[in-house]
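Any value given below was found using the heavy atoms of this structure, including those in side chains, with hydrogens, waters and symmetry copies removed. It should be emphasised that the depicted structure is a prediction, and the values quoted were computed from it without experimental measurement.
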Protein chains: 2
Amino acid sequence: MKLYSNHPKHFVAVDCAIFGYRNEELCLLLYPRGFEPSQGKWSLMGGFIQKNESSEEAAKRVLNETTGLKNIYLEQIETFTQPNRDPEARVISIGYYALSRMDEYDEKTVREHGAHWWPITELPQMIFDHANMVEKALIKLQQKSGYSIVGKELLPEKFTLMQLRKLYEAIFQREFDPGNFRKKILSLDTLQRLNTKNYSESKKGAFYYKCQNSKSEKILDRIVKI
Amino acid sequence: MKLYSNHPKHFVAVDCAIFGYRNEELCLLLYPRGFEPSQGKWSLMGGFIQKNESSEEAAKRVLNETTGLKNIYLEQIETFTQPNRDPEARVISIGYYALSRMDEYDEKTVREHGAHWWPITELPQMIFDHANMVEKALIKLQQKSGYSIVGKELLPEKFTLMQLRKLYEAIFQREFDPGNFRKKILSLDTLQRLNTKNYSESKKGAFYYKCQNSKSEKILDRIVKI
DNA sequence: ACAAAAGTGTTGCGGCTACACCCATGA
DNA sequence: TCATGGGTGTAGCCGCAACACTTTTGT
């Protein structure tokens, strides 16, 4: 029964890069570290994996505790194992990224933790190897966005094609031709046009669309050349 | 100093899906499990992460011990954390896949461990969640192959374009048009034609090519539509 | 009238596919 | 001479990028 007992055990944590979209910018939710070492630096939200808990369950627990979010979209980035990555003790960390719709997370819970949304174009210094995690997370998010309509996870339920395009411009940090983007997205046949219009961003008014759940799940044709 | 001490520690292992190419087939190196439970099933090569050792170092150590290979190409798949995935004890496993050139591994070392190369089209039953790991590993390998010439890691130093095409057909489990494949690969401008020819597979003789190390490293244009 | 977003149409280029077609040579 | 792989060329299709153009309406 003790086949493995001559091997060492390790602390195993999860760290979550939480992406959100506000003010036409892709943002990351970070928490300030209040004690030395690395006081004043910022940190991804993390926590230790408990007994009888998978890493995904741990990530969901951490996300719920800090943002109030449930049923959030979650994807594993990779696992970071440098023995000295945490100066306090050896901790193996499984990285996740999460996508948070701005209309669903709990502002109060977030504030209580002193968290702050940072635009990904101007991130502060982060502890340990968290900057590396964020870089890998962003690449993964771009890959996902290149093959599926990510509006469902980051925009409100109803959104205009311009809002979706601005989101993609924030994710890929480049501009897309409005006409071509519209045609490409609609050709995928996964959005459903609603009968209501948004007049807040143009005089003419733009139709709202929403994702058809059944179709938007699957992997689509390539949307963006990576 | 004991900030983390109220959290549990876990066994952490690495498991390696070792791919090789022989007889025009993509193969996987598996080891028979000689004891209950799961006797008679086959297993990926694995081992536990030691103190002061990163997961990549652990994977390299395991590969060297079982195949004699050094400087092998290695990539992380993902981390498997279901609490009950190993019935013996809770073990968190970081999956890797490795690419082994058939002319470089040590046949004797492999035989000593009772290992066997299985074509990926007819894999045996495997222990735990190893079949799942292999599935994910193959997808990752296809993604890599779609954007870089993977011949460098799986073929001998010198190879013909037909050999490279057969390798791609084995990886993607579909056929490629010989003329188009040749033109696509050569257009990437990362292979160097040698002055020698291979006469063993055709009467006319086909030029050998080799990878130009400097160029084949970077990510190329898409080779195969995934 | 003008600006700004919504939405549609058009054109040209480049890449991919599906072939046809030569060459060389061993059986 | 025939089959087989080596190697080149080409015509058609499709997707994408660039950009023109029309519509709508608030200022």
Only counting residues at least two apart or in another chain, list the ones meeting side chain to side chain donor-acceptor pair (under 3.5 Å) with B:T79. A:T79
Listed partners of A:E24 passing salt bridge (Lys or Arg N to Asp or Glu O under 4.0 Å), at least two apart: none
Base, backbone or nothing for each nucleotide of nucleotides 11-20 of chain D, written B, S, -, heavy atoms under 4.0 angstrom, 5' to 3'? -----SBBB-
Outermost nucleotides of DNA chain C that come under 4.0 Å of a non-hydrogen atom of chain A: C:dA5 to C:dT10
Pairs flagged by salt bridge (Lys or Arg N to Asp or Glu O under 4.0 Å) wherever residues 119-130 of chain B is involved - sequence neighbours left out: B:R85-B:D129
Locate the shortest heavy-atom distance separating A:L74 from A:A59; write the atom from each residue and the value. CD2-CB, 3.7 Å
List for me each residue that meets side chain to side chain donor-acceptor pair (under 3.5 Å) alongside B:T67, sequence neighbours excluded, and say none if there are none. none
Which residues share a ring-ring contact (aromatic ring centres under 6.0 Å, His included) with B:W117, sequence neighbours left out: B:Y105
N/O to N/O distances under 3.5 Å, protein versus nucleotides 2-6 of chain D:
residue : atom : partner : partner atom : Å
D:dG6   : N3   : B:K204  : NZ           : 3.2

Acceptor/donor pairs from residues 170-183 of chain A side chains to any protein atom, 3.5 angstrom cut, sequence neighbours excluded:
residue : atom : partner : partner atom : Å
A:Q173  : NE2  : A:A170  : O            : 2.9
A:D177  : OD1  : A:G179  : N            : 3.0
A:D177  : OD1  : A:N180  : N            : 2.9

Quick one: side chain to side chain donor-acceptor pair (under 3.5 Å) partners of B:K158, sequence neighbours excluded? none
So, using side chain to side chain contact (heavy atoms under 4.5 Å, CB included) as the criterion, who are the partners of A:E53 when residues are at least two apart? A:I49, A:Q50, A:E57, A:A58, A:R61
With sequence neighbours left out, the residues meeting ring-ring contact (aromatic ring centres under 6.0 Å, His included) with B:W42 are B:W118
